[in-house]
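Because the structure is a prediction, the values reported are computed rather than measured. The sequence lines fix the lettering, A, B, ..., with proteins before strands; numbering per chain opens at 1.
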2 protein chains.
Amino acid sequence: MATGRTHRPATRSRGIPEATVARLPLYLRALTALSERSVPTVSSEELAAAAGVNSAKLRKDFSYLGSYGTRGVGYDVEYLVYQISRELGLTQDWPVVIVGIGNLGAALANYGGFASRGFRVAALIDADPAMAGKPVAGIPVQHTDELEKIIQDNGVSIGVIATPAGAAQQVCDRLVAAGVTSILNFAPTVLSVPDGVDVRKVDLSIELQILAFHEQRKAGEEAGNGAAQQAAAARSDAADQGPDGDVPAVMPA
Amino acid sequence: MATGRTHRPATRSRGIPEATVARLPLYLRALTALSERSVPTVSSEELAAAAGVNSAKLRKDFSYLGSYGTRGVGYDVEYLVYQISRELGLTQDWPVVIVGIGNLGAALANYGGFASRGFRVAALIDADPAMAGKPVAGIPVQHTDELEKIIQDNGVSIGVIATPAGAAQQVCDRLVAAGVTSILNFAPTVLSVPDGVDVRKVDLSIELQILAFHEQRKAGEEAGNGAAQQAAAARSDAADQGPDGDVPAVMPA
DNA sequence: CTCTGTGAATATCTTCACAGCA
DNA sequence: TGCTGTGAAGATATTCACAGAG
């Protein structure tokens, strides 16, 4: 099955574009904050500002979910929180395992945001026998030998890989064989998985390199400008994780 | 405010599309691995497989950099490593500060991939006075009061924020005021920055939510199928930022 | 012949701009 | 009115498919 070329048509899962799905968590976070402040409704303009996107995009995104707003008024915060949560599948509980309990794995285990939204750390797994039984974030680390059993006993379908790069593919294979179909990969490697398994990666080094690229370009273009330029407060804001506006590129003063 | 309409033409930094820039680090990693194995040349097909992308995309990406390949042969590994490194600005040294030395900050400080490619941890900064002076990853933590001085003395233009969400914007403002123009944000908040400052974010919780969305859909579509995968159903795959597709691409033995 | 480089065709995403409901 | 919802336009990104260099 080497050179796949199964060429799926990119298949936006149901009818919701992938780009929209990636923004839903952002909206949800902003809405949750509003909800905690007991704000009853928001306009697309306000919510968009809070989420760091433009309002037309937000409205278009919501239009894929249905018509949950009221013209002339805005969106009901609580209702929207519920709808987005449901759409994202956060109304159910997702047991997650973290494999590789080094510095990063431990940090992830301790990360509060984990538990907050439907995700529950079902187990911590590490290959080092010395770690076995040692509690991290209140959860005892288990040995890799138990991996398959843990996955099955807990009905885990989401796995987080925080091992060194060299071990990642092997761990991945075992997770998938045991039934995991979604993987969040922190190891700096490309993982091969069968069709039907989702992989997302988080890679510090790649992010820094992308920043360096733009940084270098800034230095080159402003070619003489030294330090902090208090650009007229223009306060654009970092939108998506990816393409944020930036790029002064001969800014039109 | 929001509706600035400054409408810069999206300005792909020079002429290199953002999507291509985001993949260059991936290619570079694959090439570096080949280089270490002393492989002299690669075809677009092989390199694409190693990087987890399709070969047409890779060739198109490289075409933005110039014509560095040889028809009928492939690409010279060493040469390409050099060209991509230069394009990404990795031939120079980038001092980086990490602000917020909790579990995550400490993990990042210890992360090897940091130093590997032109990035150097110039300083660790934390608001907790009790942390001051304590070495993490061999680097003594300094107090937030020193932030501006550290940035200026070291000529830092890239900052990493690993503080709690509540402190992130404030830290961000100080970094920017001190001269930082690229920020990697690990805090689960949207940061506002002036024009000309790049922000990229890494957010565990968002990634998990995106996986949950697809996971839910899988469960729904296969609707009767119990455990193991092997769904014939339509497949989406890791999209967005992690454009490693399904990519079986097993090494051609 | 093989494999790059690229125009052209698609597919996807973003933004505009405005009809029309509350 | 004020704001949502959305067709249509515009911008990016991906993929195809093949001319042509080596």
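With D/dT14, C/dT4, D/dT6 as the candidates, the nucleotide lying closest to the side chain of B/A19 is D/dT14. Of the candidates D/dG5, C/dT15, C/dT6, C/dT15 carries the atom nearest the A/N54 side chain, counting heavy atoms from C-beta on. Distance from the side chain of A/P17 is smallest to C/dC13 among C/dC13, D/dT15, C/dC18. Comparing C/dG5, D/dG7, D/dT4 by their nearest atom to the side chain of A/S44 picks out D/dT4.
Using a 3.5 Å distance cut-off with no hydrogens or angles, the side chains of B/E36 and B/T32 do not pair a donor with an acceptor. Counting only N and O atoms by type, the side chains of B/E78 and B/Y82 include no donor and acceptor under 3.5 Å apart.
Between A/R23 and the phosphate of C/dT14, there is a side-chain N or O to OP1/OP2 separation shorter than 4.0 Å.
Counting to the nearest Å, the C1' atom of C/dA8 and the NZ atom of B/K57 are 18 Å from each other. Between the CD atom of A/E18 and the C1' atom of D/dT12 there is a distance of 17 Å, rounded to whole Å. Atom-to-atom, OH of B/Y64 to P of C/dT4 comes out at 17 Å; the value is rounded to the nearest Å. Per the geometry, CG belonging to A/L58 stands 10 Å off P belonging to D/dG5, to the nearest Å. B/E46 places its CD atom 14 Å from the C1' atom of C/dT4, with the value rounded to the nearest Å. Rounded to whole Å, the distance from CG on A/D61 to C1' on C/dT12 is 13 Å. Across the protein-nucleic acid pair, B/K60 atom NZ and D/dT15 atom P stand 12 Å apart, rounded to whole Å. Rounded to an integer number of Å, the gap from CD of B/E45 to P of D/dC16 is 11 Å.
No donor-acceptor contact under 3.5 Å links the side chain of A/R71 to the base of D/dG2.
Listed here is the closest heavy atom pair of B/Y27 and B/I84: CB-CD1, 4.1 Å. Shown here for A/E18 and B/I210, the closest heavy-atom pair between the two residues is OE2-CG2, 4.0 Å. Here the closest non-hydrogen pair linking B/S182 and B/V197 is N-CG1, 4.5 Å.
Ranked by how close their nearest DNA chain C nucleotide is to the 5' end, A/A56 and B/Y68 are led by B/Y68. The 5' end of DNA chain D is approached more closely, in terms of each residue's nearest nucleotide, by A/R59 than by the other of B/T70 and A/R59.
Contact annotation for A/F62: no contact, since no heavy-atom pair falls under 4.0 Å across all strands.
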